[in-house]
Amino acid sequence: QVQLVESGGGSVQAGDSLRLSCAASGTFRGYTMGWFRRAPGKEREFVAAIEWSGGSTDYRDSVKGRFTISRDNAKNTVYLQMNSLKPEDTAVYYCAAGPKLSAGGAVINYWGQGTQVTVSS
């Protein structure tokens, strides 16, 4: 069993930065980790993913060059560094873990409870 707890959300101005953290408890060795988001009135969408070794990452096009996903397996934590934030990045951000997470599809075993990110113009 894996539990995921996100932190680091908040309210910022456009152009600001935030770093989200997702702390995992339990055994998550071998899992790909990732972030999804759900904006008001929209479906949840893939944001970024990183494989267990950290050697492979994937991003949705709209965040490439602005967001960076990383992980520290010794701390059981995955991070999402978000720079140059835009109002359209406003959403609840969810951490996820599973055997497959990518822009092309996902098989997710565990979800976090979500953390709100609000970007004002």
Side-chain angles (χ1 to χ4, degrees):
Q1 185 72 20
V2 173
Q3 292 184 323
L4 306 175
V5 179
E6 302 97 332
S7 61
S11 296
V12 298
Q13 299 288 320
D16 286 349
S17 299
L18 279 175
R19 188 176 82 155
L20 305 183
S21 298
C22 173
S25 62
T27 302
F28 82 133
R29 181 177 179 82
Y31 281 125
T32 295
M33 304 290 293
W35 292 91
F36 289 71
R37 67 187 182 188
R38 177 176 283 157
K42 296 186 177 181
E43 294 186 355
R44 186 155 51 187
E45 63 184 18
F46 169 83
V47 176
I50 185 167
E51 66 170 10
W52 165 254
S53 69
S56 178
T57 58
D58 195 15
Y59 299 89
R60 70 178 299 103
D61 287 345
S62 63
V63 308
K64 287 180 180 178
R66 300 188 297 123
F67 291 11
T68 302
I69 189 169
S70 61
R71 68 191 294 166
D72 185 337
N73 290 337
K75 296 182 178 179
N76 287 357
T77 302
V78 62
Y79 305 97
L80 185 68
Q81 178 67 43
M82 305 186 294
N83 298 330
S84 302
L85 282 161
K86 303 175 180 180
E88 51 263 44
D89 295 318
T90 295
V92 178
Y93 283 70
Y94 298 89
C95 181
K100 177 185 175 183
L101 280 79
S102 72
V107 177
I108 297 169
N109 291 357
Y110 303 102
W111 290 100
Q113 82 289 350
T115 185
Q116 177 70 47
V117 171
T118 302
V119 185
S120 57
S121 57

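Please read these numbers as outputs of a predicted model, since none were measured by experiment. Residue numbers start at 1 and run along the sequence shown.
- Between Lys86 and Asp89 there is no salt bridge, since none of the side-chain N atoms of the basic residue sits less than 4.0 Å from a carboxylate O of the acidic one.
- Minimum interatomic distance between Thr90 and Pro40 (heavy atoms only, all atoms of both residues): O-CD, 4.2 Å.
- Taking CG of Leu80 as the reference point, atom CE of Met33 lies at 12.0 Å (rounded to 0.5 Å).
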Item to check | Residue pair Asp16, Val119: steps toward the side-chain contact (heavy atoms from CB on, under 4.5 Å) verdict | outcome: CA-CA 8 Å; Asp16 286 349; Val119 185; over 6 Å; no
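- Hydrophobic cluster membership is shared by Leu20 and Tyr110, with clusters built from Ile, Leu, Val, Met, Phe, Trp and Tyr side chains linked at under 4.5 angstrom.
- Here Ile50 contributes atom CD1 and Tyr59 contributes atom OH; the two are 7.0 Å apart, rounded to the nearest 0.5 Å.
- Side chain of Arg38 to main chain of Val92: no donor-acceptor pair is present (N/O by atom type, distance under 3.5 Å, no hydrogens or angles).
- Shown here is Lys64, whose NZ atom has more than 12 heavy atoms of other residues, nucleotides or ligands within 6.0 Å.
- Atom CZ of Arg71 is separated from atom SG of Cys22 by 9.5 Å, given to the nearest 0.5 angstrom.
- Here the shortest heavy-atom pairing between Ser17 and Gln81 reads CB-NE2, 3.9 Å.
- When the side chains of ILVMFWY residues are joined at heavy-atom separations under 4.5 Å, either directly or via intervening members, Val12 and Phe67 end up in a single hydrophobic cluster.
- In this structure, the separation between OG1 on Thr68 and CE on Met82 is 11.0 Å, given to the nearest 0.5 Å.
- At a threshold of 4.5 Å between side-chain heavy atoms, the hydrophobic network of Ile, Leu, Val, Met, Phe, Trp and Tyr places Tyr94 and Leu4 in two separate groups.
- Of the possible donor and acceptor atoms, none in the side chain of Thr77 sits under 3.5 Å from a partner among the backbone N and O of Ala23.
- When all heavy atoms of Ser120 and Pro87 are compared, the pair lying nearest together is C-CG, 4.4 Å.
- In this structure a side-chain-to-backbone donor-acceptor pair under 3.5 Å is present from Asp58 to Ala103.
- Gln113 contributes no side-chain N or O that, together with a main-chain N or O of Val5, makes up a donor-acceptor pair within less than 3.5 Å.
- By the 30° and 60° cut-offs, the orientation of the rings of Trp111 relative to Phe36 is perpendicular.
- Although no hydrogens or angles enter the test, the distance criterion places no donor-acceptor pair under 3.5 Å between the side chain of Asn109 and the main chain of Pro99.
- One distance of note links CG of Leu85 with OG1 of Thr118; it measures 10.5 Å at 0.5 Å rounding.
- With rounding to the nearest 0.5 angstrom, the CD atom of Gln3 is 12.5 Å from the CG atom of Asn76.
- Between the Glu45 side chain and the Arg37 main chain, no donor and acceptor come within less than 3.5 Å of each other.
- At a threshold of 4.5 Å between side-chain heavy atoms, the hydrophobic network of Ile, Leu, Val, Met, Phe, Trp and Tyr places Tyr79 and Val63 in two separate groups.
- Cluster membership check: Trp35 does not share its hydrophobic cluster with Phe46, using side-chain heavy-atom separations under 4.5 Å among Ile, Leu, Val, Met, Phe, Trp and Tyr.
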